[in-house]
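Just below is one structure, and these are the notes that go with it.
What you see below is based on every heavy atom in this structure, not just the backbone, and it leaves out hydrogens, waters and symmetry mates. The structure displayed is predicted, hence computed values, not measured ones. Numbering starts at 1 and runs along the sequence shown.
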Amino acid sequence: MKANSATADARTAHDWHVSVCDDLRSVGESEWDALLGPGDFYSSHKWLRVAEVHDTFRARYVVVRDKDGRLLAGLPFYTTDEAPPDKPYDPCLALEIESLRPDIPRDSLYPAVLLGGRAGYTTRIPVAPDLDEATRADAVRCLVDACREAMSDTARSLSLLYTDASTAQTLSSVAAPSATPQLAAGDTVLPVVWDSFDAYLDTLSSSRRRAVRKDLAAFEASGLVVEHGSLSRDYSRMATLLANLNRRYGANSSERRLRAHIGRQAEVFGDEPLCLTIRQDSEITGFSLLYSWKDELYFRIVGFDYDRIPEEAGAYFTLAFYEPIRHAIRNGVKAIRFSLETSDAKVRRGAILEPRFSMMSFPDGVVRSEDARRRNSEQLAELESRFGGVQGALPLPYWERTSWQEAGLL
């Protein structure tokens, strides 16, 4: 599949070099991460090296450099011959393709190409921040067309999952002009604006403040204590505890797969992440793992030995919410990004929602714009029904209907 004329013109006009590589280590970590800002951890060099190792997805990277060799833009892309076990990153499930395009058999969309990240529900396209809007669009066009060219005619679908509205609209304008970004989810983010945990509590309603104090009292009464652990030392035990949690909630519970994934994080990051643990008789019975990036904290995983930690002990929110907040306040962290899971409970404890959009193109086109807008309207109404009564949960301008309509999303 040859690059389109607009892409060829952009390369020539800017005197750019576009290449594809199989190993991100061929690009310097500092120059790649210089393209990124707050919110971009899951596009960072180290995290993408973690994501390279997967049973189903195969990773490759497109890079755009100027005539002097400066890195201007980069994009990971992943190919899979079949539906992956990670359901949130199976494009057909994430975009509800069977309901939006029932005329297309699901199996016909594989081999599939997934652009951008495949973890954390936040995908950004790394582009040098000093490029003007038109040049950024040219760079994105070059990235996407290079992905298409690298896949030749073997790919049956091209998807971008869980990105912000601006990135989705840029991609749709330069890469899939007839595609309308589809609202996929609301990602939970907690802005950290307090100088103490008590000040955080004071921002909650009286009923929610009572609920949090009940959690804290239950944990204190349990006699359990939170300590700092070591990812490099404890990752195998963490995989066992995460598998326990996943089995309880119907997610991927293959301990072998989870051990390989967390072990890869330990290999790449060492003991950089924040690892919070509960130990009983010298054995970890609960943990949470979080990553730091540009004054933000990213909640990653949590797990428990449910035979030894009773549910009424309040351990989940202690490890996954309250202790990270205490850490953030002590260390000047500006926000905690909690991802999608248990969003209702997180919003009730002060988190806000940021919209995430997804897109897919097929061999014969895309989801019809009117169907995508209808689904956006339904999804937005559902979120407004769930969270509209919680003050600040759906902040402007993220959720302003007028701006969505002007952008063609509704």
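- For the residue pair Ser377 and Arg374, no side-chain donor N or O sits within less than 3.5 Å of a side-chain acceptor on the partner.
- In this structure, Thr163 contributes its side chain and Thr123 its backbone to a donor-acceptor pair below 3.5 Å.
- When each of Arg279, Arg237, Gln280 is checked for a side chain to side chain donor-acceptor pair (under 3.5 Å) with Thr285, only Gln280 meets the rule.
- A donor-acceptor pair under 3.5 Å links the side-chain atoms of Asp305 to the main chain of Asp307, judged by distance alone.
- Residue Cys142 holds its SG atom at 12.0 Å from NE2 of His17, rounded to the nearest 0.5 Å.
- Closest of all the heavy-atom pairs between Ala139 and Val64 is O-CG2, 4.4 Å.
- Taking the centre of each ring, Phe269 and Trp293 stay at or above the 6.0 Å mark.
- Around CD of Glu133, the count of heavy atoms belonging to other residues, nucleotides or ligands within 6.0 Å does not exceed 12.
- Between Arg356 and Asp164, none of the side-chain N atoms (NZ, or NE/NH1/NH2) sits under 4.0 Å from a carboxylate O, so this pair counts as no salt bridge.
- Look at Glu267 and Lys46 and you find no salt bridge, because none of the NZ, NE, NH1 or NH2 atoms lies under 4.0 Å from a carboxylate O.
- Note on Glu378 versus Arg375: no salt bridge recorded, every NZ/NE/NH1/NH2 to OD/OE distance being 4.0 Å or above.
- Side chain of His45 to backbone of Val27: a donor-acceptor contact under 3.5 angstrom is found.
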* Could you walk me through whether Asp371 and Arg101 pass salt bridge (charged side-chain N to carboxylate O under 4.0 Å, His left out), step by step? => CA-CA 9 Å; Asp371 290 334; Arg101 284 292 301 267; over 6 Å; no
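- The closest donor-acceptor contact from the side chain of Asp23 to the backbone of Ser26 lies at 3.5 Å or more, if one exists at all.
- Atom CG in Leu35 sits 13.5 Å away from atom CZ in Arg124 (nearest 0.5 Å).
- In summary, Arg337 and Glu354 engage in a salt bridge, as defined by a charged side-chain N under 4.0 Å from a carboxylate O.
- In this model, no donor atom of one side chain and acceptor atom of the other lie less than 3.5 Å apart for Asp33 and Ser44.
- The CG atom of Leu409 sits 10.5 Å away from the CD atom of Gln182 when rounded to the nearest 0.5 Å.
- Separating the CG atom in Leu242 from the CG atom in Leu289 is a distance of 10.0 Å, to the nearest 0.5 Å.
- Side chains of Pro273 and Leu290 form no contact here, defined as non-hydrogen atoms less than 4.5 Å apart.
- Side-chain N or O atoms of Thr56 include none that pairs as donor or acceptor with a backbone N or O of Pro84 at under 3.5 Å.
- Distance alone, capped at 3.5 Å, is enough to place a donor-acceptor pair between the Thr170 side chain and the Ser166 backbone.
- Formation of a donor-acceptor pair under 3.5 Å by the Arg348 side chain with backbone atoms of Val390 is not found in this model.
- Counted by atom type alone, Asp215 and Tyr322 present one or more donor-acceptor pairs between their side chains at under 3.5 Å.
- Thr122 places none of its side-chain heavy atoms less than 4.5 Å from the side chain of Tyr162.
- Note: Trp47 and Phe41 have tilted aromatic rings, judged against thresholds of 30 and 60 degrees for the angle between ring planes.
- Every residue meeting the ring pair (Phe, Tyr, Trp, His ring centres under 6.0 Å) condition with His54, not counting sequence neighbours, appears here in chain and number order: Phe57.
- No more than 12 heavy atoms of other residues, nucleotides or ligands lie within 6.0 Å of OH in Tyr398, so this atom counts as exposed by the packing criterion.
- Atom CZ of Arg373 is separated from atom CZ of Arg368 by 10.5 Å, given to the nearest 0.5 angstrom.
- Note on ring orientation: taking the six-membered ring where Trp is involved, the planes of His228 and His327 are tilted (angle from 30° to 60°).
- A salt bridge between Arg257 and Asp86 is absent, with no side-chain N of the basic residue lying under 4.0 Å from a carboxylate O of the acidic one.
- Trp16 places no side-chain N or O within 3.5 Å of a backbone atom of Leu72 that could act as its donor or acceptor partner.
- At least one test fails for Arg58 against the ring of Tyr78: distance under 6.0 Å to the centre or angle within 45° of the axis.
- Annotation: side chain of Phe304 is not in contact with side chain of Arg248 (no heavy-atom distance under 4.5 Å).
- Between Glu406 and Arg401, no side-chain nitrogen of the basic residue sits less than 4.0 Å from a carboxylate oxygen of the acidic one, so the salt-bridge criterion is not met.
- When all heavy atoms of Ser339 and Asp187 are compared, the pair lying nearest together is CA-OD1, 2.8 Å.
- Classification of Arg141 and Asp138 as a salt-bridged pair holds, one side-chain N sitting under 4.0 Å from a carboxylate O.
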Could you list the donor-acceptor pairs under 3.5 angstrom formed between side-chain atoms of residues 192-201 and any protein atom two or more places apart in sequence or on another chain?
| unit_1 | atom_1 | unit_2 | atom_2 | d |
| --- | --- | --- | --- | --- |
| Ser196 | OG | Ala199 | N | 3.0 |
| Tyr200 | OH | Arg349 | O | 2.7 |

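- Across all their heavy atoms, Leu276 and Pro324 have their closest contact at CD1-CD, 4.0 Å.
- Side-chain N or O atoms of Asn376 include one that pairs as donor or acceptor with a backbone N or O of Leu183 at under 3.5 Å.
- Counting only N and O atoms by type, the side chains of Ser292 and Glu272 include no donor and acceptor under 3.5 Å apart.
- Enclosure of atom CD in Glu382 by more than 12 non-hydrogen atoms of other residues, nucleotides or ligands within 6.0 angstrom is indicated.
- Between Arg70 and Asp130, at least one side-chain N (NZ, or NE/NH1/NH2) sits under 4.0 Å from a carboxylate O, which counts as a salt bridge.
- For Leu258 against Ala239, the heavy-atom pair with the smallest separation is C-CB, 3.9 Å.
- Annotation for Asp103: atom CG counts as buried by contact number, over 12 foreign heavy atoms lying within 6.0 Å.
- For Phe387, the ring pair (Phe, Tyr, Trp, His ring centres under 6.0 Å) test picks out no residue, with sequence neighbours left out.
- Tyr89 places a side-chain N or O within donor-acceptor distance of the main-chain N or O of Tyr121, the cut-off being under 3.5 Å.
- Using cut-offs of 30° and 60° for the angle between ring planes, the Phe338 and Phe321 rings count as parallel.
- Annotation: the span from Leu383 atom CG to Gln379 atom CD amounts to 7.0 Å, rounded to 0.5 Å.
- By the 4.5 Å heavy-atom criterion applied to side chains, Tyr235 and Arg264 are not counted as neighbours.
- Heavy-atom contacts from other residues, nucleotides or ligands closer than 6.0 Å to CD of Gln391 number 12 or fewer.
- In terms of heavy atoms, Val127 sits closest to Val140 at CG2-CG2, 4.3 Å.
- Annotation for Ala34 and Pro129: closest pair O-CD, 3.9 Å, computed over non-hydrogen atoms.
- A salt bridge is absent between Arg25 and Glu52; no separation between the charged side-chain nitrogens and carboxylate oxygens falls under 4.0 Å.
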